[in-house]
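Start at 1 with the first residue, then count along the sequence. All values derive from a computational prediction rather than experimental measurement.
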Amino acid sequence: MKKFSELKIGDKFFSTCSISEKELEEYLKFSRIKNAFLEDMQKSNQKLVSGRAILSRMEGEFTRLSQIYGNHIVFVGTDGDSSWENRSSRFLKPLFTDEVLKIKFTVSAKEDIDNEFGKIAIDYEGTKQDGETVVLSNRNWYRIKKSVKS
């Protein structure tokens, strides 16, 4: 685990994941999303994964990284990217169930809050196995405790 003091702007961390049809169904049931487009959009036996489900999985993967897990962190929101008309996420290609998503997490900002807490901004980039970019999500902010007792 890297502590707040060890995290540097530009640090990159990597993970891979996929979302099964069962996991997607559980997410849609929990979130109560009802979208005919998602229900109709299929590729052979695979279903289109909703953007929020992708972002949710990416955040889950971030919190499980060996460099992050063990820290006391709380997701506190996103800042819009001025070059994207203040949006924080862009979905560029579809992702279907069981496709592998390769994720790159980059520390894009770091701020002190007080003696006990700091904030880090993490940019997410998700690509398919063939290198096609699926999603970009910038400036996902986390409050992080500066020191964690072992």
Close side-chain approach of [X] and [Y], heavy atoms under 4.5 Å:
X    : Y    : result
K119 : I144 : no
I73  : T63  : yes
V135 : L92  : no

One thing to verify: whether K146 and D112 come together as a salt bridge, which I'm taking to mean a side-chain N less than 4.0 angstrom from a carboxylate O.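 Yes, D112 and K146 are salt-bridged.
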
Whether K145 and E116 form a salt bridge (side-chain N of Lys/Arg under 4.0 Å from carboxylate O of Asp/Glu) is what I want to check.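 Result for this pair is yes, salt bridge flagged.
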
Hey, could you give me each pair passing salt bridge (Lys or Arg N to Asp or Glu O under 4.0 Å) that has a residue in residues 52-76? Not counting sequence neighbours.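 The answer is E23-R57.
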
Would you sort out whether L65 and S15 count as a side chain to side chain contact (heavy atoms under 4.5 Å, CB included), showing the intermediate values? CA-CA 8 Å; L65 291 169; S15 184; 4.2 Å; yes

In chain order, what residues pass the ring pair (Phe, Tyr, Trp, His ring centres under 6.0 Å) check against Y124, with sequence neighbours excluded?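 Listed in chain order: F105.
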
Partner set under ring pair (Phe, Tyr, Trp, His ring centres under 6.0 Å) for F14, not counting sequence neighbours: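 For F14 there are no ring pair (Phe, Tyr, Trp, His ring centres under 6.0 Å) partners, ignoring immediate neighbours.
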
Using the side chain to side chain contact (heavy atoms under 4.5 Å, CB included) rule, take L7 and F13 through it: C-alpha gap first, then chi angles, then the decisive distance, then the call. CA-CA 11 Å; L7 293 168; F13 310 107; 3.9 Å; yes

Using distance alone, with no hydrogens and no angle criterion, decide if S88 and N138 have a side-chain donor and acceptor under 3.5 Å apart.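 No - no donor-acceptor pair under 3.5 Å links their side chains.
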
Looking at every heavy atom in both A109 and R139, which two are closest together, and how far apart are they?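 Scanning both residues, the minimum pair turns out to be CB-NH1, 3.5 Å.
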
Which atom of E21 lies closest to which atom of K47, heavy atoms considered: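 Scanning both residues completely, I find the closest heavy atoms to be OE2-CE, 3.4 Å.
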
Checking F62 against Y142 for the ring-ring contact (aromatic ring centres under 6.0 Å, His included) test, could you report, in this order, the C-alpha distance in whole Å, the side-chain angles of both residues, the deciding distance, and whether it holds? CA-CA 11 Å; F62 173 70; Y142 294 85; 4.9 Å; yes

